[in-house]
Amino acid sequence: MAGLRLGPLLRFVDHSSGTTATVWVETQRPCTVTVRCEDGASGSAPTFAVTGHHYALVVVSGLTPGTTTPYEVLIGDDRVWPPADSPFPPSTITTPVPAEEGSRDPLRVAFGSCRWAAPPGGGGPFTPGSPLRPPGDDPVGPDALDALAARLAADPDAVRPDVLLLIGDQIYADETSEATRQLIAERRDPREAPGAEVADYEEYTHLYDESWQDPEVRWLLSTVPSCMIFDDHDVIDDWNTSESWQTDMRATSWWHERIVSGLMSYWVYQHLGNLSPAELEADPLYARIRSVPDGTEVLRRFAATADADPAGVRWSYRRDFGRVRVLVVDSRAARVLGEQERAMLDPGEARWVREAVLDAPGSYDHLLIGTSLPWLLPPLVHDAEAWDAALCRGVRGGPDGRWARFGEWLRRAADLEHWAAFPDSFRELTELVREAGDGPDAPATVCVLSGDVHHAYVAEPRWAGGDPRARVFQLTCSPVHNSVPTLMRVGFRFGWSRAGKVLGALLARHGRSAESPVRWRKTGGPWFGNQLMTLTLRGRNARLDLVQARRAPDAPGGVRLETVMERSLSEE
């Protein structure tokens, strides 16, 4: 009998009709998967195959708007979810009442990034037979997703997010756990590159197993809809930092297989679930892979082409939740890396983002732009990245001079590759945010949601030529479960300080940087810990909460979420 290997993951829930949803699963062999709801809604799909793994994305139709209904997953006639001995409540699909029918329910968007499923092993290759770390020994503290699952499972009246937005580093291909290192050592010689990092599609599948088979997280993702986008560690640290970085990586013997496998696995495990049923139906790649007995070569060709010509693929996507527009932007694969034409987004991607933001002004009350990398950084970090970009471009001594070589070394050593390191793109995003937030049909808020930097903060910009009508925020939240070294805490605190701003101004002067069109101040944080932010949006009102996971022996699962900040983002 076939069983579930992974999932179910509740992904898309339609907020325009409230009648459809998608559920993703990985099974142990080819089969037909059925999702059957208690209220009679259902859907079925045959699996498709990639490298001997079997997947299905089931479109569930006939759901009743404004309800919460338990569901089960069947393979043939056999129920495979929920498990008979599950300690968790039933997995459910909650559908909204469409806004045009007068819904006044709030929308709750929880978000964060950077989640180790398990802390990585040491720097050297794993030695077969060496003991694994005890399961309860977690040096980076409790996982915020585990804590959220424990809260929701223990209290049926607890408020659930309507969507969980995971904005990067869902897996760590370059910082593997002891268990993954053991698997690698059993498959190949870890003394050869890429060593204890993942090398191919099969090893990527193990990372998703490790992450999504966590019992609490598995249940959470089965009952809370999720949207996802990659960041660098989903492939490799500082992915697409610069043209010379890319040249160096492509010269290695292992990079091609790594990037192709990374994009293949991302398409299967994360990207497909971001799409609506209509988008899935119109996707020729999805149709082609489902039409053949084994889609490996079809997907491999697609991934290789996507790496060679990023402008030909769009990973960014738009979701409308009633009168809330969410735009999730690929700030990794879509980069233009030529030193004299650097851009965070290629021209086609930039046009698509602009059109998606400005489409139908007045049709949304809140605009959320998800980008894994923060738009507004601590001022010193921002100025240092802009200065470094100027050095690499050759403003001091030319593009082949000593300063340019130093700039490239520093860019890689210090991870200087956020929006500020692409100055033209930073200015374009800044102008787009201002334009979206202005005019008679302006939304109440424009929020840029980011992660990556292993701390949380709220920043508010001010434009030299006058602020837009909407309130604008940079909301940054990470990690969900990762380390926050002392040096990182000190560095980011200094980056926000007055002395840091003075130092940053000196760097900007040395780099002959153009004056920024916007200034900003931190109005919350920095907060350090394993954490999640939640935006609660009702009408034109917005509230922000930040919770952190804390050990609590008396709480369900031994972990609790504690609120460390809550505030209104709306005009008083």
Report the C-alpha distance between Arg11 and Asn274 in whole Å, list the side-chain angles of each, state the deciding distance to 0.1 Å, and finish with yes or no for side-chain hydrogen bond (donor to acceptor under 3.5 Å, both in side chains). CA-CA 7 Å; Arg11 298 301 311 271; Asn274 294 330; 2.7 Å; yes
Can you check ring pair (Phe, Tyr, Trp, His ring centres under 6.0 Å) on His455 and Tyr457, steps first, answer last? CA-CA 7 Å; His455 70 298; Tyr457 61 88; 5.0 Å; yes
Walk me through whether Trp403 and Trp409 qualify under ring pair (Phe, Tyr, Trp, His ring centres under 6.0 Å). CA-CA 10 Å; Trp403 277 109; Trp409 171 83; over 10 Å; no
Full working for salt bridge (Lys or Arg N to Asp or Glu O under 4.0 Å) between Arg332 and Glu417: CA-CA 10 Å; Arg332 282 290 170 188; Glu417 39 90 42; 2.6 Å; yes
Show, in sequence, the C-alpha distance, side-chain angles and deciding distance for Gln474 and Thr476, and conclude whether the side-chain hydrogen bond (donor to acceptor under 3.5 Å, both in side chains) test is met. CA-CA 6 Å; Gln474 168 71 66; Thr476 302; 3.1 Å; yes
Run the numbers on Arg521 and Arg462 for side-chain contact (heavy atoms from CB on, under 4.5 Å), then give the verdict. CA-CA 8 Å; Arg521 62 189 180 96; Arg462 293 292 180 264; 4.2 Å; yes
Salt bridge (Lys or Arg N to Asp or Glu O under 4.0 Å) between Glu339 and Arg405: does it pass, once the steps are laid out? CA-CA 12 Å; Glu339 206 60 63; Arg405 293 192 298 273; over 6 Å; no
Give the C-alpha distance, both sets of side-chain angles, the deciding distance and a yes or no for side-chain contact (heavy atoms from CB on, under 4.5 Å) between Val328 and Trp315. CA-CA 9 Å; Val328 183; Trp315 302 107; over 6 Å; no
Just do the side-chain contact (heavy atoms from CB on, under 4.5 Å) check on Arg319 and Phe321 with the steps written out, would you? CA-CA 6 Å; Arg319 295 283 304 276; Phe321 298 85; 3.5 Å; yes
Working note: Arg412 + Asp248, criterion salt bridge (Lys or Arg N to Asp or Glu O under 4.0 Å); need CA distance, chi angles, decisive distance, verdict. CA-CA 12 Å; Arg412 299 195 199 187; Asp248 289 347; 2.9 Å; yes
Could you go step by step and tell me if Arg543 and Ser570 meet the side-chain hydrogen bond (donor to acceptor under 3.5 Å, both in side chains) rule? CA-CA 7 Å; Arg543 192 186 78 235; Ser570 307; over 6 Å; no
Can Arg318 and Asp359 be said to form a salt bridge (Lys or Arg N to Asp or Glu O under 4.0 Å), step by step? CA-CA 11 Å; Arg318 167 182 158 183; Asp359 180 40; 2.9 Å; yes
Could you walk me through whether Asp174 and His233 satisfy the side-chain hydrogen bond (donor to acceptor under 3.5 Å, both in side chains) test, starting with their C-alpha distance in whole Å, then the side-chain angles of each, then the deciding distance to 0.1 Å, before giving a yes or no? CA-CA 6 Å; Asp174 54 349; His233 290 285; 3.0 Å; yes
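Other residues, nucleotides and ligands contribute at most 12 non-hydrogen atoms within 6.0 Å of the CZ atom of Arg351. The environment of Glu515 atom CD is sparse: at most 12 non-hydrogen atoms of other residues, nucleotides or ligands sit within 6.0 angstrom. Heavy-atom neighbours of Glu431 CD from other residues, nucleotides or ligands within 6.0 Å: above the threshold of 12. Other residues, nucleotides and ligands place more than 12 heavy atoms under 6.0 Å from the CZ atom of Arg567.
For the atom pair Gln531 CD and His454 NE2, the distance stands at 10.5 Å (nearest 0.5 Å). Atom NZ of Lys522 and atom CD of Glu460 lie 11.5 Å apart (nearest 0.5 Å). To the nearest 0.5 Å, the span separating CE on Met533 from CD on Glu566 amounts to 13.0 Å. Interatomic distance, Ser450 OG to Trp375 CH2, rounded to the nearest 0.5 Å: 10.0 Å. Residue Thr22 holds its OG1 atom at 8.5 Å from CG of Leu275, rounded to the nearest 0.5 Å. Here the OG1-CG distance, from Thr536 to Leu569, works out to 10.0 Å after rounding to the nearest 0.5 Å.
Using a 4.5 Å cut-off on side-chain heavy atoms (C-beta onward), Leu337 and Asn240 make contact. Contact of the Arg469 side chain with the Pro440 side chain is registered, since non-hydrogen atoms from C-beta on lie closer than 4.5 Å. Proximity of Val235 to Phe230: side-chain heavy atoms (C-beta onward) are nowhere separated by under 4.5 Å. You'll find the side chain of Leu544 stays beyond 4.5 Å of the side chain of Thr534, heavy atoms only. Here the side chains of His382 and Leu376 are not in contact, with every heavy-atom distance at 4.5 Å or above. With contacts defined as side-chain heavy-atom distances shorter than 4.5 Å, the pair Val23/Leu9 does not qualify. Residues Arg250 and Asp307 form a side-chain contact, since some pair of their non-hydrogen atoms from C-beta on lies under 4.5 Å apart. Annotation: side chain of Val357 is not in contact with side chain of Glu355 (no heavy-atom distance under 4.5 Å).
Here Arg335 does not pair with Asp346 in a salt bridge; the nearest charged N to carboxylate O distance is not below 4.0 Å. Contact check on Arg354 versus Glu435 returns a salt bridge, with a Lys/Arg side-chain nitrogen under 4.0 Å from an Asp/Glu carboxylate oxygen. Electrostatic pairing of Glu562 and Arg550 counts as a salt bridge here, judged by a charged N lying under 4.0 Å from a carboxylate O. The pair Arg538-Asp365 does not meet the salt-bridge criterion, since no charged nitrogen lies less than 4.0 angstrom from a carboxylate oxygen.
Under 3.5 Å, the side chains of Ser478 and Arg115 contain no donor-acceptor pair of N or O atoms. Using modelled atom types and a 3.5 Å distance limit, the side chains of Arg427 and Ser516 yield no donor-acceptor pair. Under 3.5 Å, the side chains of Asp237 and Tyr172 contain no donor-acceptor pair of N or O atoms. Checked by atom type, the side-chain pair Trp419/Thr371 shows a donor-acceptor distance below 3.5 Å. With 3.5 Å as the limit, one finds a donor-acceptor pair spanning the side chains of Ser276 and Glu279. A donor and an acceptor atom, one from each side chain of Ser242 and Glu408, are located under 3.5 Å apart. Under the 3.5 Å distance criterion, with hydrogens and angles disregarded, a donor-acceptor pair is assigned to the side chains of Ser316 and Glu349.
Between Trp520 and Phe426, the two ring planes are tilted [angle within 30° to 60°]. Aromatic ring pairs are classed by plane angle as parallel below 30°, tilted from 30° to 60° and perpendicular above 60°; the pair Tyr266 and His271 is tilted. Using a 30° and 60° split on the angle between ring planes, Tyr269 and Tyr208 fall in the parallel class, below 30°.
Between Ser17 and Pro98 the shortest heavy-atom distance is O-CG, 3.5 Å.
For the pairing with Asp452, the side chain to side chain contact (heavy atoms under 4.5 Å, CB included) check across Asp232, Ile167, Asp415 returns one residue only, Asp232.
Geometrically, Arg342 engages Phe422 in a cation-pi contact defined by less than 6.0 Å to the ring centre and at most 45° from the axis.
For the pair Thr223 (side chain) and Leu220 (backbone), a donor-acceptor distance under 3.5 Å is absent.
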